[in-house]
Asks: 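Take this structure, written in structure tokens, and hold onto it; I'll ask about it next.
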Protein chains: 2
Amino acid sequence: MSKTYHHGDLPKALIAAASAIVEEAGVEALSVRAVAKRVGVSPGAPFRHFASRDALLAAVAGQAMERLATAVEAGQLKTDADPLEQIRMIGTAYLRWVAEHPTQFAIISQRNLVPLEGTARKQNDAIRDRMMALLTMARSHGHLRHDADPAAVLLSCRALVYGLSRMLIDGHFPEWSPEGDPLDWMQRSLDHFIRDLRPGPGQEAGE
Amino acid sequence: MSKTYHHGDLPKALIAAASAIVEEAGVEALSVRAVAKRVGVSPGAPFRHFASRDALLAAVAGQAMERLATAVEAGQLKTDADPLEQIRMIGTAYLRWVAEHPTQFAIISQRNLVPLEGTARKQNDAIRDRMMALLTMARSHGHLRHDADPAAVLLSCRALVYGLSRMLIDGHFPEWSPEGDPLDWMQRSLDHFIRDLRPGPGQEAGE
DNA sequence: TCCAGATGTAATCGGTGATTACTTCTAACC
DNA sequence: GGTTAGAAGTAATCACCGATTACATCTGGA
């Protein structure tokens with residue numbers, strides 16, 4: 001018989017199947033039995049490798065998290081560019097990935113559901129540290145208002161992008177931007193925000 | 001016997017019990033049976049008043065939503081104040097309520113889980129319209145950069161406050177602001193954001 | 001008074017996460 | 001190369017859940 005008793009790499013197959021189910025039918029549709037059935041294994045088999053449904057979900061989330069981090073890292077290429085422009089690129093890559101993989105983002109966003117750890121944790125920290133470095137650089141180059149607090153600005157950047165992302169997957173855009181593509185609005189919001197960080201040419205305020 | 005066969009007002013009691021359970025043990029701990037047991041009624045009884053678990057949850061959410069909207073409305077008193085300051089007050093009231101009622105906020109944030117309707121819907125629209133009016137007013141008074149797009153700024157305001165709120169309940173603050181009270185950081189982020197909307201005194205950029 | 005409809009009960013179904021005892025296979029060791 | 005320890009998968013089972021149905025009970029208006 002071609003099918004061996006032991007599955008080649010059940011954990012990997014389980015994560016893949018679970019990812020597929022989540023992608024197709026949402027997080028709430030994920031059940032251990034469904035995953036087992038999809039892989040063609042008994043309902044209890046997954047518990048040999050994942051202690052609980054949440055553990056399986058965490059594995060799926062970990063994978064998704066690394067993908068998001070990788071996409072964001074890929075988004076920031078030109079290292080010699082203006083610091084705030086680099087931050088804008090990071091945010092843009094983030095927003096784009098979320099728009100392309102809404103259900104995956106829905107899983108990874110809740111830390112209480114899925115703790116941040118491993119490779120994803122490191123990538124996340126690296127991105128945050130890079131943003132902080134970019135902001136302090138921007139400040140020292142005079143690209144930020146002179147009285148700006150980089151830590152507060154960092155939090156605002158993160159909150160804005162995260163907020164836009166969650167608004168998208170939580171279905172808030174019909175309320176807050178009735179017309180047009182949500183992704184366009186998200187981009188516009190981000191651009192506006194970054195521009196307002198600069199002390200720049202809004203000076204002749206009176207029109 | 002003091003206990004009548006018919007419950008006085010079961011729907012209300014069910015919502016109250018459900019709210020309590022959610023407040024105590026989180027959304028995922030909410031089950032129809034648990035609510036029924038808490039009220040002291042048979043497991044199937046709630047279905048006479050709520051077609052499904054989600055319908056019960058929606059009722060709880062609707063109540064929570066009205067409370068949030070009311071809190072926000074209560075936060076904006078001084079009508080003659082500077083428009084951006086008024087927006088800041090709205091955001092502040094929002095953040096404060098979220099920090100005080102995190103689990104309730106967790107329910108009401110997902111529109112796919114709980115559609116926005118009824119009184120809450122009207123309140124929500126009213127707040128959004130008020131914010132839009134404040135922003136256009138701010139722009140015409142020269143309190144916004146002259147090339148600002150009120151619609152984009154509105155979205156940014158909303159996204160920032162919503163993002164901060166979700167970061168709080170999703171447990172992101174340990175990553176993004178290691179020290180200090182999250183609510184303080186949220187407030188600081190909002191203040192910074194509002195201030196950066198002004199064309200104001202950041203002009204002498206070089207320090 | 002009495003009956004119709006509203007309200008709560010009891011029993012039940014299918015699905016789920018999780019645990020257990022058991023079977024089957026793999027791989028390392030002498 | 002045969003034996004065996006343990007990893008991996010199976011099957012049966014438990015308790016819980018949402019939901020449905022048939023039935024019992026109460027309430028208020030004609």
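Here is how names work: the chains are called A, B, and so on, in the same order as the sequence lines, proteins then strands, and each is numbered from 1.
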Asks: Hey, is the side chain of B:S52 poking within less than 4.0 Å of OP1 or OP2 on D:dG18, counting only N and O atoms?
Replies: no
Asks: Taking only residues two or more places apart in sequence or in another chain, which ones pass side chain to side chain contact (heavy atoms under 4.5 Å, CB included) with A:Q123?
Replies: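 Partners of A:Q123 by the side chain to side chain contact (heavy atoms under 4.5 Å, CB included) criterion, ordered by chain and then number, come out as A:E66, A:A69, A:T70, A:E73, A:T119.
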Asks: Ignoring hydrogens and angles, does a donor from either the side chain of B:R33 or the base of D:dG18 sit under 3.5 Å from an acceptor on the other?
Replies: yes
Asks: Which part of the nucleic acid, if any, lies within reach of A:S42 when heavy atoms closer than 4.0 Å are counted: base, sugar-phosphate only, or nothing?
Replies: base
Asks: Taking NZ, NE, NH1 and NH2 as the nitrogens, is one of them in A:E24 or A:R38 under 4.0 Å from a carboxylate oxygen of the other?
Replies: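 Yes, charged N to carboxylate O under 4.0 Å.
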Asks: For B:A159, does its backbone N or O pair with a side-chain atom of A:H172 as donor and acceptor, under 3.5 Å?
Replies: no
Asks: With nearest nucleotide decided by heavy atoms, which residue, A:D54 or B:P11, maps closer to the 5′ end of DNA chain C?
Replies: B:P11
Asks: Using atom types as modelled and distance alone, determine if a side-chain donor or acceptor of A:S189 lies under 3.5 Å from a backbone N or O of A:W185.
Replies: no
Asks: Round to the nearest Å and state the distance from A:R53 atom CZ to D:dC17 atom P.
Replies: 16 Å
Asks: Is the phosphate of C:dA6, meaning OP1 or OP2, less than 4.0 Å from a side-chain N or O of B:H49?
Replies: no
Asks: Take the protein atom CG of A:L14 and the nucleotide atom P of C:dG17, then report the distance between them rounded to whole Å.
Replies: 13 Å
Asks: Over how many whole Å does the gap from B:K12 atom NZ to C:dT7 atom C1' extend?
Replies: 18 Å
Asks: Roughly how far apart are B:D196 CG and B:H192 NE2, rounded to 0.5 Å?
Replies: 5.0 Å
Asks: Would you call A:D184-A:R188 a salt bridge at under 4.0 Å N-O?
Replies: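 No, this pair does not count.
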Asks: To the nearest angstrom, how far is B:K37 atom NZ from C:dT9 atom P?
Replies: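 It is 15 Å, rounded to the nearest whole Å.
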Asks: Please give, in whole Å, the distance from D:dC17 P to B:E28 CD?
Replies: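 Value for this atom pair: 13 Å.
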Asks: Can you check nucleotides 20-22 of chain D for protein contacts, nitrogen or oxygen pairs under 3.5 Å, and list what you find?
Replies:
| from | atom 1 | to | atom 2 | distance (Å) |
| --- | --- | --- | --- | --- |
| D:dA22 | N6 | B:R48 | NH2 | 3.3 |

Asks: Write down the distance between CG (B:L57) and C1' (D:dA19), rounded to a whole number of angstrom.
Replies: 17 Å
Asks: Rounded to the nearest angstrom, tell me the gap between atom CG in A:D9 and atom C1' in D:dA7.
Replies: 14 Å
Asks: Could I get the full list of side chain to side chain donor-acceptor pair (under 3.5 Å) partners for A:H143, not counting sequence neighbours?
Replies: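 Applying side chain to side chain donor-acceptor pair (under 3.5 Å) to A:H143 gives A:D82.
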